[in-house]
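Here is the structure we will look at.
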Amino acid sequence: MVANPEDLKTAKTVGFKLDGEDVQAFEGETILQAAKRQGKEIPHLCYKDGYRPDGNCRACVVEIIKGERVLAPSCCRYPQEGMDVSSTSERARTSQKLVLELLLSDMPEQGKSPYNPHSELDYWAGKLEVWNPRFPGRGQPAPNFSHPAIAANLDACIQCTRCVRACREEQMNDVIGYAFRGHHAKIVFDQDDPMGESTCVACGECVQACPTGALMPSNSVGLVEPEKKVDSTCPYCGVGCLLTFNVRDNKILYVGGRDGDTNHSRLCVKGRFGFDYVHNPLRLTKPLIRKEGAAKTTELLDPQDIDQVFREATWEEALDFAASGLRKIRDEKGPRALAGFGSAKGSNEEAYLFQKLVRTGFGTNNVDHCTRLCHASSVAALLECIGSGAVSNPVEDVAKAEVVIVIGSNPTVNHPVAATWFKNAVRNGTKLIVMDPIRTEICRFAAYSLQFRPDTYVALLNAIMHAIVAEGLCNEEYIRKHTEGFEQLRDHLKDYDPDRMAPVCGIPAETIREVARLYATSKAAMILWGIGVSRHVHGTDNARCLISLALMTGQIGRPGTGLHPLRGQNNVQGASDVGLIPMVYPDYQPVGDAGVCTKFEKLWQTQLDPKPGLTVVEIIHAIHDGKLTGLYVEGENPAMSDPNQNHAREALAMLEHCVVQDIFLTETAGFADVILPASAFPEKTGTFTNTDRRVQLGRQAIDPPGDARQDWWIIPEIAWRMGLEWSYSGPKDVFDEMRQAMVSIAGITWDRLEREVSVIYPCEQEGDPGEPVIFVEDFPRKGGRGLFVPAAFSRANELPDDEYPFVFITGRQLEHWHTGSMTRHASVLDAIEPDPVVSIHPLDLEALGGKPGELISIESRRGKISAYARIDAGLQPGSLFMAFCYNEASANLITNEALDPYGKIPEFKFCAVKIAPGGKLSERIN
């Protein structure tokens, strides 16, 4: 199959007749594909665009008249020069109708599908006027509703196996199979388990593939006809999948995947089933002001008690109150007594306005967002070594790589759709190397799985580089032309012989050497990493090693090579790009550079502070020190996301004036003096930048509830009241100003984004196609060369000891996102994972005397929590893993706020804890 339209322009053609007309098929096209391209309809059911043709349903048979005079399935038969094909001959039509009639006989009550109003079987039966089958049904499995997300209506299954190919070949989850023989043949989940008890991850690819409704969303919303379809993007991870909202009566009924470079119609459980949070009755719908005498405490506020602490206010009163409190602190205590936390969940336009407000209205650079808790150290190393914090190549480039390294990332959980590209690449011959302290699901596909000790990234990576140098595998020409500082690195690596590092990192020396050879000698090798690399006190050193590894082998600047830190939240790349960080303006232009400062003073018509601001954790410390007393929080949740939460919550309770702008009463909102009800993702229009540097348009599908307002409207209203004269009629006006501030997107117009699914930057001139691969010729550093920065091995800030013998690691889980403010209000996602769990090695749980599903307590020097034990043999003995989305067992109550000295990121991925059986959950705060 020729999939790329550009390839069709140069593809060879084959001439043949179809239903009496001359047709030109492209080389590699089947008869069915050529017919579809010509607008001719041939019945088909087991065939789906983009999937491997199977040819098992035979609904698409055509008669080949010239030569063989046979019936053949058009979905997997290729035309030959001069072939004469008929899809409408009596023989072909009789066969097509017979197939449809037999399939209809197996439908419930031998009629139309009761599960899907858009059943493809019903469509073709109507086209060919096939109803009232003459044959008895063969007996179908009963429907099964054991899964919270997907209804398995297998009494409507036609065994087309599209769901099998969707699960096994597209998503490569290997859950759905085709089992038994003859009359007993059927679709099964794992070992013929109920779907809800299988290993299904609810990506919904099978639902999207099913032609009859045998697999459908569990809530039956697919039976309701939408009033409109709105193309948009996904609000969760940095992959930025394209999707379509199906809407009726201002309600999202269901979501479907949309084709584009990021996902090719694929979605994960969150993207497909995680949107009803927008309709949750706990949404904030009125501005709220803290009541007189309602004191702040460090305890989280239950939404049921909201009326005891807050009173409703008009927008005019709430905005005046919010701005006057901020203005009073600025005027009496100075600009640096204020700070702002912006959001990576919002649009680029909202992030740009927020950082502009803090810099021009507050008069300080104390503005940050969740990148400080995600990839700050990666960005610090990238800016230092190659002059840019952006990824060099898109994720889809793994298909062009001979070798792919995935390190410090669990992509099947954190970036599920990106993980499918890794798995697809392996199927096509790419060698995958996984390096992580935890053996995760993606390791099933790895040629090498290096499960090293949790804080020994630098030891392992330096050992790999030592082997490359020792065996003469460096790309000397690339080093000479494009880099500097290699001799210092070469000298530094002498101390990191694999034989010496093997006992440190726990990986055999020969394995280290084999991986080094494989990476260094491949024609194209790519490195992708996650927050497992960055969330350490040595996170910047970890990233420096990865950059050096790519530079010393010349594995950068070409398709299938390069460096890609997988971004966490949906717009963390864009929020960083537009300057929502304390040391740089938009496009990563340093605030301390006099020329840059002058540029933005001219653009924004104001005087700016040339001193870098405080980061997230530094702001919390400044509050404790009494230096900072006012905070504006837009869409962030530091009461859940910050480390050592008792310390963070104490700080929030100490604030003189706290403004929170959000969609729910988050844990942080309970500490506010005024709460401004904002818009959720499907309620706004704006641009979002994914992990690939693709700028994509999110479109408003529904209206905000009650008196909730658009974030892009709220921020300028605060700005006006802070004395700024802003004038924006909508996000398009803001984007036009962003183009003036940012050379990287200057060539991208709003009109172009409305026409195209995405535009990748840098795109400096209008009409530029954008550059998927960057650093082809040089790097955006002075002199144009990449810099080698040696990294010395160091240990975590807090190591296990006799009192606290376990290592505690935090991260995300598949069904929930960030602090859970969205996903724990999404009914399907919360039904799949409703309770806090901590993963533990089975031997450790056995030694503790506990059992899976029982509560265990976890205690560090900072706090204590309890959660349900879940065994995971992929963990190393002595390690625990827990997601940080559960407020009734908040993982960050016990994490360490020690900072990386360069990226200023906390050490979420390593702290010392002790465990005990039993314990007690806190009450869940919804």
Side-chain angles (χ1 to χ4, degrees), residues 283-296 301 306 309-343 345-346 350-364 366-369 580 619 623 628-639 651-679 684 704 706-726 728:
R283 280 288 301 274
L284 293 169
T285 60
K286 296 278 188 182
L288 301 170
I289 293 176
R290 183 174 289 272
K291 291 180 176 179
E292 291 283 343
K296 298 178 186 178
L301 176 64
I306 192 170
V309 179
F310 293 96
R311 63 173 178 84
E312 290 185 1
T314 65
W315 268 105
E316 195 71 18
E317 182 188 9
L319 290 167
D320 286 344
F321 182 80
S324 63
L326 296 169
R327 195 171 59 243
K328 180 174 183 288
I329 293 172
R330 178 196 64 186
D331 295 344
E332 293 181 0
K333 298 183 178 179
R336 286 188 158 250
L338 291 174
F341 290 160
S343 178
K345 301 184 188 77
E350 292 161 354
Y352 175 84
L353 289 175
F354 191 85
Q355 63 86 32
K356 181 181 176 183
L357 168 64
V358 174
R359 290 184 158 116
T360 62
F362 295 6
T364 177
N366 291 340
V367 62
D368 210 350
H369 75 295
L580 200 61
I619 287 169
I623 297 170
L628 198 152
T629 59
L631 183 65
Y632 183 3
V633 182
E634 183 246 351
E636 283 288 274
N637 194 8
L652 294 172
M654 292 168 63
L655 286 167
E656 178 183 324
H657 190 64
C658 181
V659 180
V660 173
Q661 181 174 317
D662 219 311
I663 62 174
F664 289 105
L665 185 73
T666 62
E667 292 78 11
T668 300
F671 295 95
D673 293 281
V674 56
I675 303 173
L676 307 176
S679 52
K684 64 181 69 181
D707 285 340
R709 298 290 176 89
Q710 299 282 350
D711 294 78
W712 77 260
W713 177 86
I714 300 172
I715 299 167
E717 287 292 324
I718 296 287
W720 268 96
R721 289 163 174 80
M722 296 294 292
L724 303 174
E725 296 183 5
W726 287 6
Y728 301 104

Donor + acceptor pair across side chains of Asp707, Thr285 (<3.5 Å): no
- line: Sorted by chain and residue number, the salt bridge (Lys or Arg N to Asp or Glu O under 4.0 Å) partners of Glu316 (sequence neighbours excluded) come out as Arg721
- prompt: Closest heavy-atom contact between Ala339 and Ile619?
  reply: CB-CD1, 3.7 Å
query: Stepwise, does the side chain to side chain contact (heavy atoms under 4.5 Å, CB included) test hold for Ile623 with Leu655?
result: CA-CA 7 Å; Ile623 297 170; Leu655 286 167; 3.6 Å; yes
task: Enter the distance from Arg359:CZ to Thr364:OG1 here, rounded to the nearest 0.5 Å.
output: 9.0 Å
message: Could you tell me if the side chain of Met722 sits less than 4.5 Å from the side chain of Phe362, heavy atoms only?
response: yes
field: Ionic contact status for Glu350 with Lys684, cut-off 4.0 Å
entry: yes
statement: Rounded to the nearest 0.5 angstrom, the SG-CG distance for Cys658 and Leu652 is 6.0 Å
query: With a 4.5 Å heavy-atom cut-off, do Arg336 and Leu628 have their side chains touching?
result: no
field: With Glu332 via salt bridge (Lys or Arg N to Asp or Glu O under 4.0 Å) - residues at least two apart
entry: Lys328
field: Backbone of Trp726 reached by a side-chain donor or acceptor of Trp720 within 3.5 Å
entry: yes
query: Would you say Ile675 and Leu665 make side-chain contact, with heavy atoms under 4.5 Å?
result: yes
message: Whether the side chain of Arg330 engages the backbone of Gly361 through a donor-acceptor N/O pair (distance < 3.5 Å, no angle test) should be reported.
response: yes
message: How close do Ile329 and Ala337 get, counting heavy atoms only, and between which atoms?
response: CG2-CB, 3.7 Å
field: Leu580 vs Asp368 side-chain heavy atoms within contact, under 4.5 Å
entry: no
message: With side chain to side chain contact (heavy atoms under 4.5 Å, CB included) as the criterion, how do Val367 and Phe341 come out once you've worked through the C-alpha distance, each side chain's angles and the decisive distance to 0.1 Å?
response: CA-CA 6 Å; Val367 62; Phe341 290 160; over 6 Å; no
- prompt: Got a donor-acceptor contact below 3.5 angstrom from the Arg290 side chain to the Val674 backbone?
  reply: no
message: Between Phe354 and Tyr632 (judged by ring centroids, cut-off 6.0 Å), do the two rings come close enough to count as a pair?
response: yes
message: Rounded to the nearest 0.5 Å, what separates atom CD in Gln355 from atom CG in Leu353?
response: 8.5 Å
Lys345: salt bridge (Lys or Arg N to Asp or Glu O under 4.0 Å) partners, not counting sequence neighbours: none
- prompt: Do Pro677 and Phe664 touch side chain to side chain, with heavy atoms closer than 4.5 Å?
  reply: no
statement: Here the gap from Leu319 atom CG to Arg709 atom CZ, rounded to the nearest 0.5 Å, amounts to 8.5 Å
message: When you compare the side chain of Leu676 with that of Val659, does any pair of heavy atoms fall below 4.5 Å?
response: yes
task: Check for a donor-acceptor pair, side chain of Thr668 on one end and backbone N or O of Ala639 on the other, with a separation under 3.5 Å.
output: yes
Main-chain N/O of Gly630 paired to His657 side chain as donor or acceptor, under 3.5 Å: no
statement: By ring pair (Phe, Tyr, Trp, His ring centres under 6.0 Å), Tyr352 pairs with (sequence neighbours left out) none
- prompt: Within a strict 4.5 Å, meaning less than it, do heavy atoms of the Phe671 and Val633 side chains meet?
  reply: no
- request: Mind running side chain to side chain contact (heavy atoms under 4.5 Å, CB included) on Gln661 and Ile715 for me, showing each step along the way?
  value: CA-CA 9 Å; Gln661 181 174 317; Ile715 299 167; 4.0 Å; yes
message: Using the side chain to side chain contact (heavy atoms under 4.5 Å, CB included) criterion, which residues pair with Glu312? Sequence neighbours excluded.
response: Lys286, Leu288
query: Which atoms form the tightest heavy-atom contact between Gly635 and Ser343, and what is the distance?
result: O-OG, 3.5 Å
- prompt: Where is the tightest heavy-atom contact between Gln710 and Pro704, given as atom of each residue plus distance?
  reply: NE2-CG, 4.2 Å
task: Give the minimum heavy-atom separation between Ile718 and Ala322, together with the two atoms involved.
output: CD1-CB, 3.8 Å
task: For residues Leu357 and Ala719, report the shortest heavy-atom separation together with the two atoms involved.
output: CD1-CA, 3.7 Å
query: Is the shortest heavy-atom distance from the side chain of Leu301 to the side chain of Phe310 under 4.5 Å?
result: yes
- request: Quick one: which residue pairs count as a salt bridge (Lys or Arg N to Asp or Glu O under 4.0 Å) with a foot in residues 660-675, not counting sequence neighbours?
  value: Lys296-Asp673
